[in-house]
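Here's the structure we're looking at; comments come further down.
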Number of protein chains: 2
Amino acid sequence: MQHIQKKINSELNPNVSVDCVIFGFDLEQLTVLLIDRGEISSAFGPRLALPGNLIYDNENLDMAANRVLDELTGLKDIYLEQVGAFGDPDRIHKESDREWLKSIRAEPEARVITVAYFTLVPMSDYKPQASSFAKNADWIPVSEIKELAFDHFEILQAAKEKLKQKIKIQPIGFNLLPEKFTLSQLHRLYESILDKPLDKRNFRRKIQKLDILTSLREKQRGVPHKPSLLYEFNEEKYQELTQTGFDNFGF
Amino acid sequence: MQHIQKKINSELNPNVSVDCVIFGFDLEQLTVLLIDRGEISSAFGPRLALPGNLIYDNENLDMAANRVLDELTGLKDIYLEQVGAFGDPDRIHKESDREWLKSIRAEPEARVITVAYFTLVPMSDYKPQASSFAKNADWIPVSEIKELAFDHFEILQAAKEKLKQKIKIQPIGFNLLPEKFTLSQLHRLYESILDKPLDKRNFRRKIQKLDILTSLREKQRGVPHKPSLLYEFNEEKYQELTQTGFDNFGF
DNA sequence: ATAGCTTTGTGTCAATTTTACACTATCCAA
DNA sequence: TTGGATAGTGTAAAATTGACACAAAGCTAT
């Protein structure tokens, strides 16, 4: 919490906040790290919200997004991308929302523009624990989310769409997997993000032809079936590939 | 200027502005509508800037962008898309910039987040005239722009990139052309935006196979060479195409 | 130990798409 | 009528995509 000390002398900008769509992948499906706002809002709107906060006047937007992520999870150096700015004048309207905003020191009456980011974290790097600091955060499968507080559901959908487009162009999916992963896990990840089935053999052929994976000599252990070979993402090979003007995975 | 009357009672938000990258196409190359800030800044930084303004507290971001566009050009119902939010704490630093900001009633010391949009305008719909209201706006070829005021050059590059990605997915290029256009004009437009040469015959084949153009029985007039057939974009056919799940032009 | 369950990992063929490439037709101007 | 400029057109080889089925490997339960 050192960063909070450093920021305490700087002023909060009452008009601009940052919200983070923190994506994870439980090796089966895409998930998002959401905050349960608790009883304070239970009688009114949805309890679940995206983590976010007002920005300080001496930090830029990317820094603010990284700070929100860090304060919640302790993670740094995480893949992060801006989704866009959201801000209808009436985006905050419920009494419960006002109470919640007061509790995080925001000005409940002020017009707030929020800048949304999505981040990709290897889910194993952060296991939520019930602590007061952790604000009851939890990984929720994207497919189960039907509503969120404020305009956060809209933001989530924009983030999903941006991720979907981006993964067709850059191999950012590896940021959601552990260092070593199987082709099947990668396959399921792409299906989750693109939200459509991909033929197993065609997927493997396509990925392997790109030659951006290092095949390890290691196998999965402890699985109740034929163990899979493990792979690593090869950053150097991918850089070589982009030099050729490659910018389309063809999904 | 009725809209200004309506807004006069509402408060400007001193922390959030909107900047518009207004793209045009002169049938040869991509251009942007820029404002010459005049002598006030000539001794210091670049005179050219993107049109923009602070937002009012009772309008949403899209409305603000449309307003900026309308105030400058009088155009309404224009294709418009958000690029993203920009806002380093030190993005405004030059003395000349402070003076300029005062002249548009902005708070020169305040931290300003700007939300950038790009818009696509048929260039023939707006011919700049030297008037005080028009603020010395002019179409400048994108390829000639080497610097802009504030962080506007960075914004321009982000807008170009967004346009490039978007045109691979949706046929938004037609918004830059007159109603009736030739395949060669469309071809040059795609080359300008994608910033790479496209084989003429392959381009024509690809576009025509999509079947989203209506071929008119009309020819170009007054050109000093073989006149081209004219085409119109067919919105209905494109809607049919999207029903099939089509979302990639393959450029 | 073995039978059964589960997931891995592999190849081919047909259809489609992409790429590279050059000449004639038409209109205007001189 | 000629010259200049751009429009408009086809094909063949190569690469990519899409559809599809079965044996191999490890774990578990008996």
Side-chain angles (χ1 to χ4, degrees), chain A residues 25-29 167-169 171 177-178 180-192 194 196-232 241 244-251, chain B residues 25-29 168-169 177-178 180-192 194 196-232 241 244-251:
Chain A
F25 180 63
D26 65 10
L27 303 187
E28 287 293 333
Q29 52 189 333
I167 206 174
K168 295 177 179 181
I169 292 174
L177 291 171
K180 300 171 181 180
F181 53 87
T182 73
L183 287 182
S184 294
Q185 290 165 355
L186 190 62
H187 180 208
R188 265 170 265 148
L189 175 58
Y190 272 74
E191 288 186 324
S192 304
L194 298 173
K196 70 179 179 192
L198 301 171
D199 180 87
K200 180 169 64 162
R201 278 179 287 190
N202 295 340
F203 176 82
R204 286 168 168 256
R205 173 162 36 109
K206 179 174 284 188
I207 290 290
Q208 308 219 58
K209 173 125 43 98
L210 292 176
D211 192 30
I212 56 175
L213 294 187
T214 303
S215 169
L216 305 176
R217 303 203 170 279
E218 200 177 340
K219 286 181 186 172
Q220 266 182 321
R221 297 275 327 197
V223 286
H225 56 262
K226 178 176 178 178
S228 172
L229 279 175
L230 292 171
Y231 292 81
E232 277 182 354
L241 187 58
T244 71
F246 176 89
D247 73 340
N248 197 337
F249 282 80
F251 288 110
Chain B
F25 180 63
D26 64 10
L27 304 187
E28 287 293 334
Q29 52 188 333
K168 295 178 179 179
I169 291 174
L177 292 170
K180 300 171 181 179
F181 53 86
T182 72
L183 287 181
S184 293
Q185 290 165 355
L186 189 63
H187 180 207
R188 263 168 276 161
L189 174 58
Y190 272 74
E191 288 187 324
S192 303
L194 298 173
K196 70 179 180 192
L198 301 172
D199 181 85
K200 179 168 66 162
R201 279 179 286 191
N202 295 339
F203 176 83
R204 286 168 167 259
R205 175 157 37 97
K206 179 174 282 185
I207 290 290
Q208 307 218 57
K209 172 126 45 96
L210 292 176
D211 192 29
I212 55 176
L213 294 187
T214 304
S215 170
L216 305 176
R217 302 202 172 280
E218 200 177 340
K219 285 181 186 170
Q220 266 181 321
R221 297 277 324 197
V223 287
H225 56 260
K226 176 175 178 178
S228 172
L229 279 175
L230 292 171
Y231 293 81
E232 277 182 355
L241 187 59
T244 70
F246 176 90
D247 72 342
N248 196 339
F249 283 80
F251 287 111

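Every chain is numbered from 1 and lettered A, B, ... according to where its sequence line falls, protein lines coming before strand lines.
Between the side chain of A:H187 and the main chain of A:R204, no donor-acceptor pair closer than 3.5 Å is present. In this structure a side-chain-to-backbone donor-acceptor pair under 3.5 Å is present from B:K206 to B:G250.
Sequence order on DNA chain D of the closest nucleotides to A:V223 and A:K206 puts A:K206 first from the 5' end. Residue whose closest nucleotide on DNA chain C sits further toward the 5' end, between B:P224 and B:N202: B:N202. When each of A:K219 and B:Q185 is assigned the nucleotide of DNA chain D with its nearest heavy atom, B:Q185 is the one assigned upstream, toward the 5' end. Comparing B:D199 and B:K209 by the nucleotide of DNA chain C that holds the closest heavy atom to each, the one mapping nearer the 5' end is B:K209.
Backbone-only engagement by B:L229 is indicated by non-hydrogen atom pairs under 4.0 Å involving sugar-phosphate atoms exclusively. Across all strands, B:T182 comes closer than 4.0 Å to no nucleic acid atom at all (heavy-atom distances). Within 4.0 Å of A:K200, counting heavy atoms only, lies at least one base atom of the nucleic acid.
The separation between A:L210 atom CG and D:dA15 atom C1' is 14 Å, rounded to whole Å. A:E28 has its CD atom 9 Å from the P atom of C:dT7, to the nearest Å. When the P atom of C:dT10 is taken as reference, atom CZ of A:R204 falls 7 Å away, rounded to whole Å. Nucleotide D:dA7 holds its P atom 7 Å from the CD atom of B:Q220, rounded to whole Å. Atoms CG (A:N248) and P (D:dA15) sit 18 Å apart, rounded to a whole Å. As rounded to whole Å, 15 Å separates atom C1' of C:dG9 from atom CG of A:L213. When the P atom of C:dA20 is taken as reference, atom CZ of B:F203 falls 17 Å away, rounded to whole Å. What separates CG of B:L230 from P of C:dC27 is a distance of 13 Å, to the nearest Å.
Contact between B:Y231 and B:L213 at its shortest, heavy atoms only, is CD2-CB, 4.1 Å.
Contact annotation: A:S228 does not reach the phosphate of C:dT7 (side-chain N/O to OP1 or OP2, under 4.0 Å). Checking the phosphate oxygens (OP1, OP2) of D:dT6, no side-chain nitrogen or oxygen of B:S184 falls inside 4.0 Å.
If you check distances only, the side chain of A:K226 does reach the base of C:dT8 with a donor-acceptor pair under 3.5 Å. A donor and an acceptor atom sit less than 3.5 Å apart, one in the side chain of A:R205 and one in the base of D:dG18. For B:R201 against D:dA7, no side-chain N or O and base N or O form a donor-acceptor pair under 3.5 Å.
The closest side-chain heavy-atom distance from A:K168 to B:I169 is not below 4.5 Å. Side chains of B:L230 and B:T182 form a contact here, defined as non-hydrogen atoms less than 4.5 Å apart. Looking only at side-chain heavy atoms (C-beta outward), B:K196 and B:F251 stay at 4.5 Å or farther from each other.
Here C:dT6 is the nucleotide among D:dA19, C:dT6, D:dA7 with the atom lying nearest to any side-chain atom of A:H225.
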